Amino acid sequence: CALPICVDNLDYAFLALQEINKRGYQHDPVTLKRLVNACVAAGEVDRAYQLVDSFINFGCLADSECLASLITGYVKVGQPLKAYDVFASWDNVDDAAKPDGAMLKSLADCLKGAGMTKEAAEVSARM
């Protein structure tokens, strides 16, 4: 499998995550990010979002890499409003680097295609 966590093993990865949590061990932020990316690759972007949203429970913080993965995933599955909502929190992460131009363009195009011109203009202004 090309991904660090195979998309066909997501359920097992989440079971392992629950077991680690139940036993009181510290979660590895790199592993959590890999699980987010695997969820997105499998098209399970809402599941990835829930995981990122629960990072604080695992003693981790979401970063711009996770948000970019979610935005890209929501654009790919045709959910521009959810992608925009994630983008709206971009400046709230500690490592809020400038968003990738290609990601912003794909988000703006997706929003325009859905008739969300105001939101598309806000995203375009960040390019």
Side-chain angles (χ1 to χ4, degrees):
C1 181
L3 295 173
I5 296 175
C6 295
V7 295
D8 58 344
N9 290 324
L10 284 178
D11 290 334
Y12 294 115
F14 274 94
L15 287 173
L17 191 68
Q18 289 174 352
E19 191 63 28
I20 290 168
N21 198 39
K22 187 168 50 173
R23 293 181 184 215
Y25 294 117
Q26 181 67 32
H27 291 281
D28 175 25
V30 173
T31 302
L32 291 173
K33 285 186 212 180
R34 287 181 179 159
L35 185 51
V36 167
N37 291 331
C39 288
V40 170
E44 294 189 31
V45 188
D46 285 336
R47 194 173 192 185
Y49 178 88
Q50 291 170 349
L51 179 59
V52 171
D53 195 43
S54 68
F55 272 16
I56 194 73
N57 298 333
F58 301 129
C60 301
L61 295 175
D63 60 13
S64 58
E65 181 184 337
C66 288
L67 296 186
S69 184
L70 291 174
I71 292 167
T72 301
Y74 278 131
V75 166
K76 283 182 182 175
V77 297
Q79 295 187 4
L81 186 56
K82 287 184 178 182
Y84 177 77
D85 288 342
V86 173
F87 173 73
S89 65
W90 188 275
D91 292 326
N92 296 334
V93 295
D94 287 339
D95 74 334
K98 182 177 171 143
D100 177 67
M103 179 196 68
L104 290 176
K105 182 174 178 354
S106 68
L107 175 55
D109 290 346
C110 189
L111 289 165
K112 283 179 198 168
M116 300 175 193
T117 55
K118 179 184 170 224
E119 292 85 353
E122 289 176 22
V123 171
S124 294
R126 295 284 299 264
M127 287 194 258

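This one's a predicted model, so the numbers in the text were calculated from it and none came from an experiment.
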Student: If you compare all heavy atoms of Ala48 against all heavy atoms of Val40, which two are closest, and at what distance to 0.1 Å?
Tutor: CB-CG2, 3.8 Å

Student: Where do Tyr74 and Leu81 land on the side-chain contact (heavy atoms from CB on, under 4.5 Å) test, with the steps shown first?
Tutor: CA-CA 8 Å; Tyr74 278 131; Leu81 186 56; over 6 Å; no

Student: Considering only NZ, NE, NH1 and NH2 on the basic side and carboxylate oxygens on the acidic side, decide whether Arg126 and Glu122 come within less than 4.0 Å.
Tutor: no

Student: To the nearest 0.5 Å, tell me how far Ile71 CD1 sits from Cys66 SG.
Tutor: 11.0 Å

Student: Does OH in Tyr84 sit with more than 12 non-hydrogen atoms of other residues, nucleotides or ligands closer than 6.0 Å?
Tutor: yes

Student: Please report the closest heavy-atom contact between Leu10 and Ala38, naming both atoms and the distance.
Tutor: CD2-CB, 3.7 Å

Student: Is there side-chain contact between Phe55 and Val36, with at least one heavy-atom pair below 4.5 Å?
Tutor: yes

Student: Going through the checks in order, is the side-chain contact (heavy atoms from CB on, under 4.5 Å) test met by Glu65 and Asn37?
Tutor: CA-CA 10 Å; Glu65 181 184 337; Asn37 291 331; 4.2 Å; yes

Student: Taking all heavy atoms of Ser64 and all of Ala97, pick out the closest pair and write down the distance.
Tutor: OG-N, 4.4 Å

Student: Would you confirm whether Ser89, through its side chain, and Val86, through its main-chain N or O, come within 3.5 Å as a donor-acceptor pair?
Tutor: yes

Student: Determine the minimum heavy-atom distance between Phe87 and Pro99, stating which atoms define it.
Tutor: CE1-CG, 4.2 Å

Student: Would you give the length of the straight line joining atom CG of Leu67 to atom OG1 of Thr72, rounded to the nearest 0.5 angstrom?
Tutor: 10.5 Å

Student: Using 0.5 Å steps for rounding, measure from the NZ atom of Lys105 to the CG atom of Asp100.
Tutor: 12.5 Å

Student: Run the side-chain contact (heavy atoms from CB on, under 4.5 Å) test on Gln79 and Val45 for me, step by step, so that the C-alpha distance in whole Å, both residues' side-chain angles and the decisive distance to 0.1 Å come before the verdict.
Tutor: CA-CA 10 Å; Gln79 295 187 4; Val45 188; over 6 Å; no

Student: Can you measure from CG (Leu70) to CG (Asp85) and round to the nearest 0.5 angstrom?
Tutor: 11.5 Å

Student: Where do Leu51 and Leu32 land on the side-chain contact (heavy atoms from CB on, under 4.5 Å) test, with the steps shown first?
Tutor: CA-CA 8 Å; Leu51 179 59; Leu32 291 173; 4.2 Å; yes

Student: Can you name the closest pair of heavy atoms from Ala108 and Met127 and give their distance?
Tutor: CB-CE, 4.2 Å

Student: Grab the two heavy atoms, one from Ala13 and one from Leu35, that are nearest each other, plus how far apart they are.
Tutor: CB-CD1, 3.7 Å

